[in-house]
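Taking it in order: structure first as structure tokens, then the write-up.
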2 protein chains.
Amino acid sequence: MPFGAEPMTLAEKAYDALRRDIVSGALKPGAPLRMAQLSDRYGMGFSPLREALNRLQAERLVTSVALKGFSVAPLSMAEMWDAKNTRILIESRALRLSIEQGGDEWEAGIVGSLHALLLQAVRGTASEADARALEARHHAFHHALLSACGSGWLMDFFQRLYVESERYRHPMLAPRPGEPARDVQAEHEALAKATLARDADLACALLADHYRRTAQWVERMMTRPGQQADPVGEPIAGSVD
Amino acid sequence: MPFGAEPMTLAEKAYDALRRDIVSGALKPGAPLRMAQLSDRYGMGFSPLREALNRLQAERLVTSVALKGFSVAPLSMAEMWDAKNTRILIESRALRLSIEQGGDEWEAGIVGSLHALLLQAVRGTASEADARALEARHHAFHHALLSACGSGWLMDFFQRLYVESERYRHPMLAPRPGEPARDVQAEHEALAKATLARDADLACALLADHYRRTAQWVERMMTRPGQQADPVGEPIAGSVD
DNA sequence: GCAAGCCGGATTTTCGAAAATCTTTGAATT
DNA sequence: AATTCAAAGATTTTCGAAAATCCGGCTTGC
């Protein structure tokens, strides 16, 4: 039996698939998730789907009302800003701890994941697979930065907030005309450099800036009406504050 | 239909019951959770139990391995210290925000919940019901302190970490001889006073101290061998009962 | 005309059994 | 004696149908 081949239950597959489709926006925020529909879409019975939905509910990706079923958790500007602020709080602490405690392996992880990220970035995001690879490497890089913090709780919160932010970023990955091209990768490089130089203050400032800018960018995209399938739930008309 | 009487599915009942039994230590850390056993204990089929377990897994109260089922999440000193530190980070921020933004209602909530907490404290924890009431009011007080922070994410993390800490505190509520009596309620009063005086620095310092002391107290209890059913590990021991 | 109450279909939730997988036992082999 | 293998038993996981509940439209009574 091949090395990493762990068994995978249907419930886990359902969890992965649902998570991906929610984060990518394929399932629109606010949309109700009907069991029959999901059963069709993913080719499985109710039981594994319900288990997945319950897990996702605990992660705030779906909501549920007692006997009315599940929905994709809605998105809102307020929530995005909240997530951004909390992210800065959590990751600043984790980054400082990592800078204090990180060893050679940690540094190697940062350098390596940054390199992989840049490679994929120049390759572009023509295909869907490329886009997914970029996202994965982006996550890996940010994870690597914090990975030496030694706190399971901080890493857990980091993961949660990362997913949340992904929901806002992903639907508008396509570059928009008239939008000043932002050199995200330069920010990543500067962040890595400050981190490896063990300059905690600078690194945290860069990190905070990085997220602030991303948030502002997302807000610009989302509040510009039309021209982009708005990722903020249509079912609930005026939920956009 | 009475006002607060929402419908409650079996899955929700299962979630509450399991959560309570895990936090209270009735289900021992590390103990495997067999479906048949749970089905007996809580008088319901597998489906609602599995849903509850999946939610609890996302909240780190239970763990699961692919085809081998669920277990109560283990406890460890390292995890406790980690939770304590993360708690201080999260709650300090939330407390500062609340102090900045809180209005009359927020203040009233603090005063009220502190009063209720003190009442129950002097009443003691003779009965099991009293102990539960004390725990509920303790939680309500800490919640009230932070409730004006305006951040859903901070409150969510607060809840998670509160539950975690409850797992460590609860098993050793019974006062121990030879242990210097600690006036926890005095700490609560000082904390409320500083908060209401809008002295953020002092309030945060008191909060951090409060948690540091609790952590030290728990560590003393848990590392003192014998004399207390140790809540750490012991895979199953008497799963018979 | 309008609120209240009640059917019928749609949907969620739960159960009980079947399918799939793991674990243990014990015999056969080296 | 130690190892391997297979069958039996135990346990988890999944399905399909039954039970419970919700939603929309309709009637009924005022």
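Here the structure is a predicted model, which is why all the values come from computation and not from measurement.
- The CG-P distance, from A/Leu38 to C/dT11, rounds to 12 Å in whole Å.
- Residue A/Met8 contributes atom CE, which lies 17 Å from atom C1' of C/dA20 at whole-angstrom precision.
- Distance A/Phe46 CZ to D/dA19 P: 17 Å, rounded to the nearest Å.
- Nucleotide C/dA20 holds its C1' atom 11 Å from the CG atom of A/Leu10, rounded to whole Å.
- Among C/dT11, D/dT11, D/dC15, the nucleotide with an atom closest to any side-chain atom of A/Ser47 is D/dC15.
- The listed nucleotides are D/dT12, C/dC22, D/dT14; the one nearest the side chain of B/Lys68 is C/dC22.
- Taking atom CZ of residue A/Arg34 and atom P of nucleotide D/dC22, one finds them 16 Å apart after rounding to whole Å.
- Scanning both residues, B/Asp21 and B/Arg41, for their nearest heavy atoms gives OD2-NH1, 2.7 Å.
- When all heavy atoms are compared, the tightest approach of A/Ala14 to A/Leu49 is CB-CD2, 4.0 Å.
- Across all strands, B/Leu33 comes closer than 4.0 Å only to sugar-phosphate atoms, never to a base (heavy-atom distances).
- Here the CZ-CH2 distance, from A/Arg160 to B/Trp153, works out to 7.5 Å after rounding to the nearest 0.5 Å.
- Atom P of nucleotide D/dA19 and atom CE of A/Met35 are separated by 20 Å, given to the nearest angstrom.
- Between A/His142 and A/His138, the ring planes are perpendicular. Angles over 60° get that label, and only those under 30° would be called parallel.
- What separates CZ of B/Phe70 from C1' of D/dT12 is a distance of 9 Å, to the nearest Å.
- Nearer the 5' end of DNA chain D, as judged by each residue's closest nucleotide, is the contact made by B/Gly69, out of B/Gly69 and A/Pro48.
- Of the candidates D/dT14, D/dT21, C/dT12, the closest approach to any side-chain atom of A/Leu67 belongs to D/dT21.
- The nearest heavy atom of DNA chain D to A/Met44 and to B/Ala36 marks one nucleotide each, and the one closer to the 5' end goes with B/Ala36.
- Among all heavy-atom pairs drawn from A/Leu53 and A/Val62, the shortest one is O-CG2, 3.6 Å.
- In this entry the distance linking CG of B/Leu49 with C1' of C/dG16 reads 14 Å, nearest Å.
- Set against D/dT14, D/dC15, C/dT12, the side chain of A/Glu51 has D/dT14 as its closest nucleotide.
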